[in-house]
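In what follows, a structure is listed as structure tokens, so that the remarks can point back to it.
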Amino acid sequence: MRDIRIHSNPSLLAQAVAEFFVNNATKTISDLGTYIVLLSGGSTPREVYRRLAENPFRDRLDWKSIYLFWGDERCVPPESADSNYRMVRECLIDKVPIPASNVFRIKGELTAENAASQYEKDIREFFMKIRGNANEIPRFDLVLLGIGQDGHTASIFPGSPAINEGSKLVMAVEHDQPPPPLLPRVTATPPLINVGTQVVFLVTGKAKAERVNQVIMGSYQPERFPAQIVNPKSGRLTWFLDQAAADCLP
Ligand code: 6PG
């Protein structure tokens, strides 16, 4: 199940993703009582987070029933300019009435290994408590992802051992090649991403157009284009692209 939605510019795209988020959250909360999200870092989703923090979207969301996790983090303290947590805190968390106990950041101040094992524990314990599924892989209601120009997603970079990880939900990775920041990272793995109920790629800009076409239309080469590992088992994959990022699609 794959859906490609193209909007003429980044602003209209952000509006569409915010609308998608509100509709999906409203339906999920009415069905399950909670909405559990795995957020993307990077710069592209900032505009979506900012819109969710403002009306008409802000007051349409039941923030006490929304739970935020991250799909990846750089191993830096939470106040670092490189922190994905800090980016979301500034664009969204500080502006909405979400309880602090609903926000589960990856502890970037720890070593990557310790942060990853702690985060896997946090995720498993949370889903056990809130959704009661002890043996299954925790199913996020929404997994929000970006793509790098090199074809990475989350912090699963070309050639990374994370590409073939089949059991861990979260793992520590080294990252010493561009794109910056060249820092140890913690990333969600294919097993966690691919059980998501709604998996959404959000991509803008001409610089990514060729990569987007390769990932969607090209032959399966996940070592080169790790974003190709995203293939939800039973969930739905939706690409939200602006016209520039969709420019190379047939
Ligand atoms: C990160 C992100 C990463 C991001 C892509 C695209 O930690 O950097 O999670 O996977 O989604 O690198 O980044 P931009 O949105 O900044 O282009």
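As the structure lists them, so they are numbered: ligands from 1, and atoms in each ligand from 1. Here the structure is a predicted model, which is why all the values come from computation and not from measurement. These numbers come from the heavy atoms of this one structure, side chains and all, not from hydrogens, waters or symmetry mates.
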Membership question, hydrophobic clusters at under 4.5 Å side-chain separation (ILVMFWY): are M171 and L192 in the same one?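 L192 and M171: separate clusters.
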
Using a 4.0 Å cut-off to any heavy atom of [X], which atoms of ligand 1 qualify?
X: G146; answer: 11 (O)
X: S40; answer: 11 (O)
X: N84; answer: 1 (C), 7 (O)
X: D72; answer: 1 (C), 2 (C), 7 (O), 9 (O)

Please check if the distance between the ring centroids of F140 and F127 is under 6.0 Å. yes

May I ask you to identify, for L145, whether its side chain, its backbone, both or neither come under 4.0 Å of ligand 1 on a heavy-atom basis?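 Neither part.
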
Which segment of A154 sits under 4.0 Å of ligand 1 when only heavy atoms are counted: backbone

Checking R139 against S234 for the side-chain hydrogen bond (donor to acceptor under 3.5 Å, both in side chains) test, could you report, in this order, the C-alpha distance in whole Å, the side-chain angles of both residues, the deciding distance, and whether it holds? CA-CA 10 Å; R139 288 170 58 88; S234 57; 3.2 Å; yes

Suppose we measure from [atom] to each protein heavy atom; which comes out shortest, and what is that distance?
atom: atom 12 (O) of ligand 1; answer: H152 NE2, 2.7 Å
atom: atom 15 (O) of ligand 1; answer: T44 OG1, 2.6 Å
atom: atom 6 (C) of ligand 1; answer: I147 O, 3.4 Å
atom: atom 17 (O) of ligand 1; answer: K208 NZ, 2.5 Å
atom: atom 8 (O) of ligand 1; answer: R74 NH2, 2.8 Å

Considering only distance and modelled atom types, tabulate donor-acceptor pairs under 3.5 Å from the side chains of residues 157-170, sequence neighbours left out.
{"residue": "S160", "atom": "OG", "partner": "A162", "partner atom": "N", "Å": "2.9"}
{"residue": "N164", "atom": "ND2", "partner": "E223", "partner atom": "OE2", "Å": "2.9"}
{"residue": "E165", "atom": "OE2", "partner": "S167", "partner atom": "N", "Å": "3.0"}
{"residue": "E165", "atom": "OE2", "partner": "S167", "partner atom": "OG", "Å": "3.1"}
{"residue": "E165", "atom": "OE2", "partner": "K168", "partner atom": "N", "Å": "2.7"}

Is there a polar contact between ligand 1 and T153, counting only N or O atoms under 3.5 Å apart?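 No, there is no polar N/O contact under 3.5 Å.
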
If the contact criterion is a heavy-atom separation under 4.0 Å, does E73 count as touching ligand 1? no

Please verify whether a non-hydrogen atom of R185 lies at under 4.0 Å from ligand 1.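 Checking ligand 1 against R185, which is what was asked, there is a heavy-atom contact under 4.0 Å.
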
Aromatic rings F201 and W239: how do their planes relate, parallel, tilted or perpendicular, breaks at 30° and 60°? parallel

Look at R89 together with E79 and state whether they make a salt bridge at an N to O cut-off of under 4.0 Å. no

Is the closest basic N to carboxylate O distance between D141 and R131 below 4.0 Å? yes

F225 vs S219 side-chain heavy atoms within contact, under 4.5 Å: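 With C-beta onward as the side chain, the pair stays apart.
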
Would K129 and E125 count as a salt bridge (charged side-chain N to carboxylate O under 4.0 Å, His left out) here? Give the steps. CA-CA 6 Å; K129 188 163 69 86; E125 278 173 9; over 6 Å; no

